[in-house]
Amino acid sequence: MNYRKALVDAGRRMYETKLVAGTSGNISIKENDNSFYITPSGRDYMSITEADIVRIDREGKPFDSAQVPSSEWRMHLEVYKTYPHYRAIIHTHSTFATVFSIVREDIPLISIEMKPFIGGELRVAPFAEAGSLALAQKILPYLATTNSCLLANHGAISCGVDLDSAFTAAEYVEDLSKLYYYARTVGHVHVIGESC
């Protein structure tokens, strides 16, 4: 697999589908337990080339010292170390998911898509400074039973056994957040399992 090309393509798709704006968010793929590929820091997704993708070791050190990985590399590596079955991670700042991360409100089980594509309800992990080890550690319990969670005031993270499944989860996170937002404006939200 060409990991660099996969990340370039996924970054452009993430930008085009409005899961991020500007240079926000990041994507990674695990090559093995000691080697990971991640998008570079502060770069426009439409300008990133394969040569810009950063290969890092399990401590976050780039194999090419001239490259700078995304500031969120700690979050990616801690997830990979804790949950070995995940091989790809997408961190988005999609609009509706970020709205609920800002108001710090969990999204309950409102749709039949949540179980198969997310694993259950979307919970909000506590706030910690972006790029910090504290943030990486705070989100870990929230990924124990689901592949995605919201990050307080900071968007969402979605994980997968491969890049396609991580991307699908990220798309569902935004779609479900949007559905929940609009459903609340229309009337009472019925949560699956409560009144079904």
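Model, not experiment: these values are computed from the prediction.
When all heavy atoms of Glu174 and Ala97 are compared, the closest pair comes out as OE1-N, 2.9 Å. The nearest pair of heavy atoms linking Pro141 to Lys138 is CD-O, 3.4 Å. Closest of all the heavy-atom pairs between Ala169 and Cys159 is CB-O, 4.5 Å. Closest approach of Ala88 and Ala166 over heavy atoms only: O-CB, 3.8 Å. When every heavy atom of Met114 is checked against every heavy atom of Leu109, the shortest pair comes out as CB-CD1, 3.5 Å. For the pair Asn26 and Tyr45, the tightest heavy-atom approach, listed with the atom from each and the gap, is N-OH, 3.4 Å.
Side chain of Glu72 to backbone of Gly131: a donor-acceptor contact under 3.5 angstrom is found. Side chain of Asn2 to backbone of Arg4: a donor-acceptor contact under 3.5 angstrom is found. Looking at Lys30, its side chain does come within 3.5 Å of a backbone N or O of Pro84 through a donor-acceptor pair.
No continuous path of ILVMFWY side-chain contacts below 4.5 Å connects Val173 to Ile139, so the two sit in separate hydrophobic clusters. No continuous path of hydrophobic side-chain contacts links Val79 to Ile90 [ILVMFWY only; heavy atoms under 4.5 Å]. By the criterion of side-chain heavy atoms lying less than 4.5 angstrom apart, applied directly or through intervening Ile, Leu, Val, Met, Phe, Trp or Tyr residues, Val191 is grouped together with Tyr182 in one hydrophobic cluster. Following chains of ILVMFWY side-chain contacts shorter than 4.5 Å, one can reach Leu135 starting from Tyr83, so the two form part of one hydrophobic cluster. The cluster map of Ile, Leu, Val, Met, Phe, Trp and Tyr, joined by side-chain heavy atoms under 4.5 Å apart, puts Ile48 and Leu7 in the same cluster.
Scanning for salt bridge (charged side-chain N to carboxylate O under 4.0 Å, His left out) contacts around Arg58 gives an empty result, with sequence neighbours left out.
For the atom pair Tyr15 OH and Ser24 OG, the distance stands at 9.5 Å (nearest 0.5 Å). Here Asp106 contributes atom CG and Ser101 contributes atom OG; the two are 11.5 Å apart, rounded to the nearest 0.5 Å. Here the OH-NZ distance, from Tyr172 to Lys178, works out to 13.0 Å after rounding to the nearest 0.5 Å. The line from CD1 of Ile89 to OG of Ser70 is 11.0 Å long, rounded to the nearest 0.5 Å. The CG atom of Leu179 lies 8.0 Å from the CD atom of Glu113; values are rounded to the nearest 0.5 Å. In this structure, Glu171 CD and Leu176 CG are separated by 11.5 Å, a value rounded to the nearest 0.5 Å.
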With side-chain contact (heavy atoms from CB on, under 4.5 Å) as the criterion, how do Tyr142 and Thr146 come out once you've worked through the C-alpha distance, each side chain's angles and the decisive distance to 0.1 Å?
CA-CA 7 Å; Tyr142 293 82; Thr146 59; 5.9 Å; no
Please evaluate residues Ile56 and Trp73 with respect to the criterion side-chain contact (heavy atoms from CB on, under 4.5 Å), reporting the C-alpha separation (whole Å), side-chain torsions for both, the decisive distance (0.1 Å), and the verdict.
CA-CA 9 Å; Ile56 58 176; Trp73 63 266; 4.2 Å; yes
Intermediate values then yes/no, side-chain contact (heavy atoms from CB on, under 4.5 Å), Ile29 and Phe36:
CA-CA 6 Å; Ile29 299 178; Phe36 311 83; over 6 Å; no
Starting from the C-alpha separation in whole Å, work towards a yes-or-no answer on side-chain contact (heavy atoms from CB on, under 4.5 Å) for Glu105 and Tyr180.
CA-CA 11 Å; Glu105 182 176 339; Tyr180 188 49; 3.1 Å; yes
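In this structure, His188 and His190 have perpendicular ring planes: the angle between them is above 60°, well past the 30° mark. Taking the six-membered ring where tryptophan is involved, the planes of Tyr181 and Phe96 are perpendicular, since the angle between them exceeds 60° and thus also 30°. Using bins of under 30°, 30° to 60° and over 60° for the plane-to-plane angle, the ring pair His154/His93 lands in the perpendicular bin.
Looking at Asp64 and Arg55, no side-chain N of the basic residue comes within less than 4.0 Å of a carboxylate O on the acidic one, giving no salt bridge. A salt bridge is absent between Glu31 and Arg87; no separation between the charged side-chain nitrogens and carboxylate oxygens falls under 4.0 Å.
Between Ile27 and His76, the closest side-chain pair of non-hydrogen atoms is not below 4.5 Å. Residues Leu150 and Arg123 fail the side-chain proximity criterion, which asks for heavy atoms closer than 4.5 Å. Side-chain contact between Met14 and His91 is absent, with no heavy-atom pair separated by less than 4.5 Å. Contact annotation: the side chain of Ser165 never approaches that of Tyr86 to less than 4.5 Å [non-hydrogen atoms, C-beta and beyond]. Taking the side chain as every heavy atom from C-beta outward, Thr98 and Thr92 never approach each other to under 4.5 Å. Residues Pro62 and Pro69 have side chains in contact (heavy-atom distance under 4.5 Å, counting atoms from C-beta outward). You'll find the side chain of Ile192 stays beyond 4.5 Å of the side chain of Ile110, heavy atoms only. For the pair Leu151/Cys149, a side-chain contact is recorded, criterion being any heavy-atom separation below 4.5 Å from C-beta on.
More than 12 non-hydrogen atoms from other residues, nucleotides or ligands lie less than 6.0 angstrom from OH of Tyr3. With a 6.0 Å radius and a threshold of 12 heavy atoms from other residues, nucleotides or ligands, Lys5 has its NZ atom at or below the threshold.
Annotation: cation-pi pair Arg13/Phe167 present, NZ/CZ under 6.0 Å from the ring centroid and within 45° of its normal.
Between the side chains of Tyr80 and Ser28, at least one donor N or O sits under 3.5 Å from an acceptor N or O. A side-chain N or O of Thr49 and one of Asp52 form a donor-acceptor pair less than 3.5 Å apart.
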